[in-house]
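Below, chains carry the letters A, B, ... as their sequence lines are ordered, and counting in each starts from 1.
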Amino acid sequence: MSSKHNGVFKQIIVLLLALLGALLVGALFLILAKSDPIKAYGVMFSGPLGDKFGITETLVRTVPLLLVGLGIVISFRSGIINIGAEGQILAGAIGATAVGTSLSDVPAMILLPAVFVAGGACGAIWGGIAGWLKARLSVNEILSTVMLNQIALQLYLFLIRGPLIDPKEVSYGTGVPQTALIPEQIWLSRLVPGTRIHSGLIFALVLAVLVYIFLWKTSRGYRLRAVGAGSEAARYAGIKVEWYLVLAMAMAGGMAGLAGVVEVTGVHHRSLEGLSAGYGFSGIVAALFGRLHPLGTIPASILFGALLVGADMMQRAVNIPAAMIMVIQGLVVLFVVSSDYFLRNPDSIVKLKAKFLGQKWIGEVGSKWKDS
Amino acid sequence: MVEKIKQLEMSGITKRFPGVLSNNRVNIQLEAGEVLAILGENGAGKTTLMNILYGLYQPDAGEILLNGKQVRINSPSEAIELGIGMVHQHFMLVPTLTVCENVILGLSKRFFVDLKTAAKRIKEITDRYGLAINPDAFVWQLSVGEQQRVEIIKALYRGANLLILDEPTAVLTPQESNELILLLKNMAQQGNSIILISHKLNEVMALSDRVTVLRDGVVCANVKTQETTQEELAKLMVGREMAPCRREGKYSPGKIVLDLQQVHAKGDKGSEALAGVSLQIKENEILGIAGVSGNGQKELAEVIAGLRKLSSGNIFLNGQDSTNMSPAEIIEQGLGYIPEDRIHVGTIPSFSIWENLILKDHHRSPFAKYSLLQNRKIMSHSSSQVEKYGIKTPDLETPTARLSGGNIQRVVLAREITRNPVALIAAYPTRGLDIGATEYLHSKLLEARSNGVGILLISEDLEELTSICDNIAVLYEGKIMKVIPVEQADERTMGLLMAGIAQDSQFLN
């Protein structure tokens, strides 16, 4: 048991070192952008954690990150690299909005679940397409999900500008591309009055626990993981690998779709341009940072939520482009993915230490051995 | 020029991996011109020790002395600079390049490659040691034995005068093994040092000057080859007396459990791999499939397991037509299958032992209830399996990737036999296993046979086939040449059949 705890401890240390490395390299870019990295990072870290506003805004962003991240955990664990969350979020959002606005007379008790189901289903179908293409026609899922993102985005823009545009926008002649508001009775309740944090957070946290139970405690979850970790062995064991690829993508898409639903019901109350704000990609980072574990994805999502809020604040306070945070996020991905090497090869850490600390270190370890 | 290695000493080498002490204060010595065999079962720490010498691992303690001077070897390239070369069990060659190109791969620092000079130097080396090989041949054209020679040339070309060979004969035919032994002897006579990692006693006896026996990471003997015997080495290596497994009891087959009728199937490359195979396997019978691998063995096993489609023919499992059943239905009908690739097909390497033990039953009672995995039932089942089948592991959560080959096979065997199959396919089940593990597997197969299981044993090892099978079928180019009772299966008969020559053929008199 203690060795297991040691392992987790080591993982956390390595991850934090990776984060530190990313921020150090990011500092170089900040200097290139002619801003003071210390001040910038100062704002970035103190801002999101500094006050009620910072904390609640961090949590507002945590919700979609976590939901997307959970889907990523499911798909990556099943051996599918799903880059399509961005499109799946939009599919979920527009599905939820369409049901919400067209059935506005239905009581909330029925309408709210219906909106969630509709949004989740739209995301699931959008993800399922890529899964089906892979299972049936061996289409590389990275290519198909990226392309499906493009299609989803254009379709979404078409819908909020055309068929689903708010009738008021048409009658006033302003023509802002957004749908009508969904009925107020299905707006998610605010957890802290005066802030934007909504009950979607609880929903996402519960879902994280459910995904954990699903993947590790149920036979279907076992099958998904078996397909991901050893598809040949899974086939040998009688598991219908193709079917589980589709299921994994549909579940991943469903989770991303739900992220779209909570953004609509919890934050914007309609579908509008720029709804997803890159959560589809940041969610991948959060899932990877959470070591592809549903519960690990919770703190990772909070961290990246804070990074996003911090970036906004940094942009305002230090006057650097928001694109900078994309750079830093990209660096974090590279560092985290690379740091995996050190966890997989314990020997590499020894070698690294030997390189920097020289022969002496090996000698010390040797004498420790003799003592014990 | 590299300084010639006159003497190597590794002393007090200790290497710990999570949960295993792989090497515990191991000492070895080696002089120029000497062949040292490092003998030990799988998991005894032989390969770890050699990987330390070759710079792939760092020892936790201990030192390496070359010609009396302490050295630190941080990487294989540093090992090569010191004159140490290694020939791995799995060759590291590029099939689409020529021998010459493979040998100089990674060496040339200039933009253009000087193949002519390289070819000349290769010829010098091959002439000196009698390594017959054409430098312009493409590697894919070469036999396995020839490819191994390319690996040796690669090491010599880089100036190695201490060669480490990891289980070099595992992939060779008996003839090729004999050639290799002669070659290595010749190399040693010319002043090179050779370390041979092996668990095959006969080649250790034939080739080495001294033997260091490792058991559980500890040196348990260091003897002159002339002063010992195979029996003594076997005892030292395994730690107890060995009694080879033999078929016992009369051959009294029951009803047919697996019936193949005119089975045709295509191989991975689209050509016909099975060309009309008809076979019957009965209860209480072990039917061996002999033959050089690549003659349809893999396809035969996969077709029966439902993992490959038949192009025509029928298969009946336990009286039911299983020709078009899914793998899951075939498992349900009572087929057990120990696949050729035990690491990636038989198990999921990153899954824990308990997860691998329930691979085929994770959705069934008592391991799952309302689709929820029943942890307590699974764990008690797994720990009793680990005990019953002697799986060496720190705990049930250990991924099977961390187990030795023999222990992985025990996991597969435990799972497949415990499912009480009607018929069991075992494809090359002892390939790469040491004596202890092989003996254990044979005893388990024989036990299953006496419990009524019909077993199809695919193997290249004639000794294995003749010691435990009741009947042996010889597979050649996708056809069964003949099925012969084991009593009539002498080496000559089998050899001819395996080469595709039927005995009653008119060409033989």
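For R415(B), the part lying under 4.5 angstrom from a heavy atom of chain A is the side chain only. For a residue to count as touching a neighbouring chain, one of its non-hydrogen atoms must lie under 4.5 Å from one of that chain's; by this rule I358(B) touches chain A with backbone and side chain alike. Within the 4.5 angstrom heavy-atom criterion, no atom of F367(B) approaches chain A. For E355(B), the parts lying under 4.5 angstrom from a heavy atom of chain A are both the backbone and the side chain. Heavy atoms of L372(B) lying under 4.5 Å from chain A belong to its backbone as well as its side chain.
More than 12 heavy atoms of other residues, nucleotides or ligands shown are found within 6.0 angstrom of CZ on R419(B).
Ranked by heavy-atom pairs under 4.5 Å with chain B, the list R235(A), R220(A), E232(A), R223(A) is led by R223(A). Between chain A and the options I348(B), I330(B), L307(B), the largest number of non-hydrogen pairs under 4.5 Å is found for I348(B). With respect to chain A, the highest number of heavy-atom pairs below 4.5 Å among S350(B), G346(B), P339(B), A368(B) belongs to P339(B). Between chain B and the options G238(A), S231(A), G221(A), the largest number of non-hydrogen pairs under 4.5 Å is found for G238(A).
Proximity of a side-chain donor or acceptor of Y236(A) to a complementary backbone N or O of A305(B) within less than 3.5 Å is not detected.
Ring-plane geometry between H362(B) and Y222(A) is classed as parallel, the angle between the planes falling under 30 degrees on a 0 to 90 degree scale with a further cut at 60.
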What side-chain donor-acceptor pairs closer than 3.5 Å can you find for residues 137-145 of chain A, not counting sequence neighbours?
unit_1: N140(A); atom_1: OD1; unit_2: I142(A); atom_2: N; d: 2.6
unit_1: N140(A); atom_1: OD1; unit_2: L143(A); atom_2: N; d: 3.3
unit_1: E141(A); atom_1: OE1; unit_2: K134(A); atom_2: NZ; d: 2.9
unit_1: E141(A); atom_1: OE2; unit_2: I81(A); atom_2: N; d: 3.0
unit_1: S144(A); atom_1: OG; unit_2: N140(A); atom_2: O; d: 3.4
unit_1: S144(A); atom_1: OG; unit_2: E141(A); atom_2: O; d: 3.3
unit_1: T145(A); atom_1: OG1; unit_2: I83(A); atom_2: N; d: 3.3
unit_1: T145(A); atom_1: OG1; unit_2: E141(A); atom_2: O; d: 2.6
unit_1: T145(A); atom_1: OG1; unit_2: I142(A); atom_2: O; d: 3.2

